[in-house]
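Right, one structure below, let's go through it.
What you are looking at is a predicted structure, and each value in this text was computed from that prediction instead of being measured.
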Amino acid sequence: KCFNYANANISYNFYANKSASYHKNKIEVPVNFFANLSAEWLSAVSNATHNPIINREGITAKSEEALAVKEIQIRDPKMMDTFVEVMQYLPNVMFLYFSKEITLSDEHYAIIKNLRLYSLTVHCPVRNIASLTNTNSLRILSLSRMYDANINEIADYKNLIKLDIQRKDDTISLAFLPKMLHLEELQLWHETPSEIGIENVTAIEKIPRLNNFSTSNTKNINFDNLVKRASPFYISVMEQVEFER
């Protein structure tokens with residue numbers, strides 16, 4: 001896809017100013033700040049201006065809100081060199097994505113947790129989950145490569161409706177589940193077979209709003225009660241080992 005950067009100076013700053021104007025503390029965006037950034041950032045911001053925006057209630061936002069930058073995809077590691085400088089002018093980005101080639105530091109976390117995020121997707125190694133975001137705004141969280149992370153910190157995320165976790169090869173701990181009764185979708189993925197204990201299955205059964213549950217590479221699970229849940233409910237199990245139904 002091609003972008004006409006020569007004629008885009010006004011529009012990039014226009015969207016950035018719109019994004020800042022919705023923030024509780026209005027931020028002044030320097031003239032032509034975005035136009036002077038790398039081609040990767042210009043492409044990311046241009047793509048963001050065309051994505052549909054969803055408000056806190058999960059429905060399409062008002063037309064004036066749709067003028068704000070909505071989604072930023074960070075796929076090029078070089079973009080992280082100016083991530084802090086750029087994102088301070090985009091406080092209302094609601095969908096943020098990091099590819100597996102990215103490295104996040106505490107400085108990046110400090111910016112991320114203050115965004116008005118609706119959805120956060122992190123495909124790079126995750127360690128300190130609790131520092132990733134402002135727990136009052138995040139509704140969809142997708143984390144993978146969480147090799148050294150304490151996933152029980154997710155219990156602090158009070159507004160999640162969808163949680164997608166990918167672990168490597170350990171027997172996962174889901175002690176936070178009894179505190180996540182507000183979840184509507186839960187996805188658990190593992191690179192090699194791992195076990196979800198019966199106590200965790202019991203906790204999943206008791207999540208009243210859960211309508212979508214997916215697992216991959218899990219073993220020794222009895223889903224009898226989950227299968228009997230009242231509709232609507234969607235369950236997907238893949239590469240199951242010793243599966244009892």
Side-chain angles (χ1 to χ4, degrees), residues 12 15-25 27 29 33-34 37-58 60-61 65-146 149 151 153-154 156-166 185 187 189:
Y12 289 131
Y15 284 110
N17 276 291
K18 283 292 183 181
S19 176
S21 68
Y22 295 124
H23 199 252
K24 60 182 178 180
N25 299 317
I27 301 170
V29 182
F33 176 82
F34 286 90
L37 292 176
S38 66
E40 291 80 10
W41 267 113
L42 292 178
S43 176
V45 175
S46 178
N47 284 332
T49 62
H50 301 295
N51 289 321
I53 191 169
I54 298 177
N55 65 15
R56 294 266 107 27
E57 287 69 46
T60 303
E65 294 177 326
L67 295 175
V69 173
K70 294 165 285 297
E71 178 178 11
I72 296 292
Q73 297 190 15
I74 311 294
R75 298 181 180 274
D76 191 325
K78 293 184 295 185
M79 294 175 68
M80 298 305 291
D81 294 339
T82 51
F83 176 83
V84 174
E85 290 77 9
V86 174
M87 296 306 292
Q88 66 178 318
Y89 298 122
L90 301 175
N92 288 307
V93 168
M94 297 181 72
F95 298 82
L96 186 60
Y97 169 92
F98 293 96
S99 72
K100 62 183 180 181
E101 291 82 12
I102 303 303
T103 300
L104 292 172
S105 68
D106 291 341
E107 185 180 31
H108 302 134
Y109 291 156
I111 292 291
I112 295 170
K113 70 180 182 181
N114 288 323
L115 297 177
R116 188 189 174 209
L117 283 176
Y118 183 89
S119 174
L120 175 62
T121 300
V122 182
H123 285 174
C124 54
V126 178
R127 291 177 174 79
N128 187 355
I129 300 173
S131 67
L132 273 177
T133 186
N134 181 334
T135 58
N136 292 324
S137 65
L138 192 66
R139 301 293 296 279
I140 299 173
L141 178 62
S142 177
L143 298 172
S144 63
R145 310 169 106 82
M146 295 171 34
I151 64 174
E153 293 176 348
I154 295 175
D156 295 330
Y157 290 56
K158 305 300 183 184
N159 293 306
L160 286 182
I161 59 174
K162 180 178 180 179
L163 178 60
D164 187 343
I165 300 177
Q166 177 181 323
E185 296 187 49
Q187 300 180 32
W189 307 91

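- Put simply, the side chain of F98 reaches to within 4.5 Å of the side chain of L96, judged on heavy atoms.
- Interatomic distance, CG of L120 versus CG of L115, reported as 9.0 Å (0.5 Å rounding).
- We find the CE-CZ distance between M94 and R116 to be 5.0 Å, quoted to the nearest 0.5 Å.
- The side-chain heavy atoms of L160 and L138, taken from C-beta on, include a pair separated by under 4.5 Å.
- Qualifying side-chain hydrogen bond (donor to acceptor under 3.5 Å, both in side chains) partners for Y109, counting only residues two or more places apart in sequence or in other chains: none.
- For NZ of K158, the number of neighbouring non-hydrogen atoms (other residues, nucleotides, ligands) closer than 6.0 Å is greater than 12.
- K162 is linked by a side chain to side chain contact (heavy atoms under 4.5 Å, CB included) to I140, E185, Q187, counting only residues two or more places apart in sequence or in another chain.
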For T121 and F95: C-alpha separation, side-chain torsions, deciding distance, then whether side-chain contact (heavy atoms from CB on, under 4.5 Å) applies. CA-CA 8 Å; T121 300; F95 298 82; over 6 Å; no
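- Expressed to the nearest 0.5 Å, how far CD1 of I111 lies from OG1 of T133 amounts to 12.5 Å.
- In this structure, the side chains of I112 and L104 come closer than 4.5 Å at one or more pairs of heavy atoms.
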Apply side-chain contact (heavy atoms from CB on, under 4.5 Å) to Y118 and K70, showing your working. CA-CA 10 Å; Y118 183 89; K70 294 165 285 297; over 6 Å; no
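- Shown here are the ring-ring contact (aromatic ring centres under 6.0 Å, His included) partners of F34, two or more places apart in sequence or in another chain: there are none.
- Note that OG of S19 and CD1 of I27 are 7.5 Å apart. Values are rounded to the nearest 0.5 Å.
- Every side-chain hydrogen bond (donor to acceptor under 3.5 Å, both in side chains) that S105 has, sequence neighbours left out, goes to H108.
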Might you work through the side-chain contact (heavy atoms from CB on, under 4.5 Å) test for Y157 and I129, ending with a clear yes or no? CA-CA 10 Å; Y157 290 56; I129 300 173; 3.4 Å; yes
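- Annotation: side-chain hydrogen bond (donor to acceptor under 3.5 Å, both in side chains) contacts of E101 (sequence neighbours excluded): S99.
- For N17, the side chain to side chain contact (heavy atoms under 4.5 Å, CB included) criterion is met by N13, V29, not counting sequence neighbours.
- Rounding to the nearest 0.5 Å gives a distance of 11.5 Å between OG of S119 and OH of Y97.
- Counting heavy atoms from C-beta on, the side chains of I72 and L90 come closer than 4.5 Å.
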Atom pairs and distances, side-chain donor-acceptor, residues 75-85, under 3.5 Å, sequence neighbours left out:
{"residue": "R75", "atom": "NE", "partner": "Q73", "partner atom": "OE1", "Å": "2.9"}
{"residue": "R75", "atom": "NH2", "partner": "Q73", "partner atom": "OE1", "Å": "2.7"}
{"residue": "D76", "atom": "OD1", "partner": "K78", "partner atom": "N", "Å": "2.9"}
{"residue": "T82", "atom": "OG1", "partner": "W41", "partner atom": "NE1", "Å": "3.0"}

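- Summarising the geometry of N159 relative to S137, their closest heavy-atom pair is ND2-N, 4.4 Å, with the distance given to 0.1 Å.
- Every residue two or more places apart in sequence or in another chain that forms a side-chain hydrogen bond (donor to acceptor under 3.5 Å, both in side chains) with D164 is listed here: W189.
- Between L132 atom CG and L141 atom CG the span is 7.5 Å, to the nearest 0.5 Å.
- Partners of R127 by salt bridge (Lys or Arg N to Asp or Glu O under 4.0 Å), not counting sequence neighbours, listed by chain and number: D148.
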Apply side-chain contact (heavy atoms from CB on, under 4.5 Å) to residues R145 and K100 and explain how you reach the verdict. CA-CA 8 Å; R145 310 169 106 82; K100 62 183 180 181; 3.7 Å; yes
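- Contact of the P91 side chain with the N114 side chain is not registered, since no non-hydrogen atoms from C-beta on lie closer than 4.5 Å.
- Residues that satisfy the side chain to side chain contact (heavy atoms under 4.5 Å, CB included) test with N128, not counting sequence neighbours, are A130, S131, E153.
- A 4.5 Å side-chain heavy-atom check between V93 and M87 finds at least one atom pair inside the cut-off.
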